J.: 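What follows is a structure written as structure tokens; I'll ask about it next.
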Amino acid sequence: MLFANPCVFVLLLFSDTLAAAALKHQHILELNIAGANAILGGAKEVQKSLKRAEIIPTVVDDFVPSALLEVRWSSGEAALGNTLKPKKLEDAPSISLSDLSGHRDHGAEFVITLTDPDAPSRKDPKWSEFCHWIATARGLSPETTDGTPETSPRFGPAHLNEVMPYKPPGPPEDTGKHRYVFLVLVAKNGTTEELHLSKPSDRKHWGYDTDEDETRGVRDWAEENGLIPVAANFIYAKH
Ligand SMILES: *[C@@H]1O[C@H](CO)[C@@H](O)[C@H](O)[C@H]1NC(C)=O
């Protein structure tokens, strides 16, 4: 009886189409929200791991990552505090960065650093921090058209410009587990121009003068070079 009225029929048809369209949009929306949540969750997870390992505030001030950093050696990768044998860390790793912010100026140079705040040991960090690596590369990951971040190409050692050559972690005997911290830094002022970075005069204390109990390192160097952290990862290694 209902369909006897053509108006109701048309209305029903129309609302059905609308519902389908709404469903489709909702689906896309849900996908995007899910992606954003995964990313936010990832950033929070990184921040939490850094705090748990006391990398925040020992090495860097508190920050929420805006990119996720992958670090891979030929047999092993950094996974926010896993333990790897020094034997596996002999060659510089390849790195890849997923940009999470969505509004950063792509094409900007970024800086990857590796620092050991536990040199020669976590109990007695008198050489801390020890600078293991400073390298630069250009271009964060491109975005796909639907706005979801895409993993950038991997940057192997050949694609990186080394400011301080990679020195593999070599924790001395009986010094326990060391934290090896990877930080990705970018220019605070957002410039896409070439960065002219200072090269530390020494690996110990990143070349800075220190008092007896004072440690200095990547935070000071970042400050000196106008850089801020955007991503991090870390491993543990011992002799
Ligand atoms: C932006 O920061 C970089 C790195 O510190 C510096 O080399 C450059 O001169 C700055 N550019 C401007 C326009 O302030």
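All values derive from a computational prediction rather than experimental measurement. Quick note: numbers below take in every heavy atom, side chains included, and nothing from hydrogens, waters or symmetry partners. First listed ligand is number 1; within each ligand, the first listed atom is number 1.
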J.: Can you tell me how far CD of E129 sits from CZ of R179, rounded to the nearest 0.5 angstrom?
T.: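 Rounded to the nearest 0.5 Å, the CZ-CD separation comes to 9.0 Å.
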J.: Compile the donor-acceptor pairs under 3.5 Å between side chains in residues 48-57 and protein atoms, sequence neighbours left out, one pair per line.
T.:
| unit_1 | atom_1 | unit_2 | atom_2 | d |
| --- | --- | --- | --- | --- |
| S49 | OG | E45 | O | 2.9 |
| K51 | NZ | D62 | OD2 | 3.4 |
| E54 | OE1 | R122 | NH2 | 3.4 |

J.: Would you call L195 and N225 a side-chain contact if the rule is heavy atoms closer than 4.5 Å?
T.: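 Sidechains of N225 and L195: no contact.
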J.: What pairs of residues pass the ring-ring contact (aromatic ring centres under 6.0 Å, His included) test when at least one of them lies in residues 50-97, not counting sequence neighbours?
T.: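 Residue pairs passing ring-ring contact (aromatic ring centres under 6.0 Å, His included), neighbours aside: W73-F182.
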J.: Distance check, rounded to the nearest 0.5 Å: C131 atom SG versus R203 atom CZ?
T.: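 Here the rounded value is 6.0 Å.
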J.: Please tabulate, one line per pair, the protein nitrogen or oxygen atoms found under 3.5 angstrom from a nitrogen or oxygen of ligand 1, with distances to 0.1 Å, or say none if there are no such pairs.
T.:
| unit_1 | atom_1 | unit_2 | atom_2 | d |
| --- | --- | --- | --- | --- |
| ligand 1 | 2 (O) | N189 | OD1 | 3.3 |
| ligand 1 | 2 (O) | N189 | ND2 | 2.4 |
| ligand 1 | 5 (O) | N225 | O | 2.8 |
| ligand 1 | 11 (N) | N189 | ND2 | 2.9 |
| ligand 1 | 14 (O) | N189 | ND2 | 3.2 |

J.: Any ring-ring contact (aromatic ring centres under 6.0 Å, His included) pairs touching residues 206-237, not counting sequence neighbours?
T.: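 Pairs touching residues 206-237 that pass the test: W206-W221, F234-Y236.
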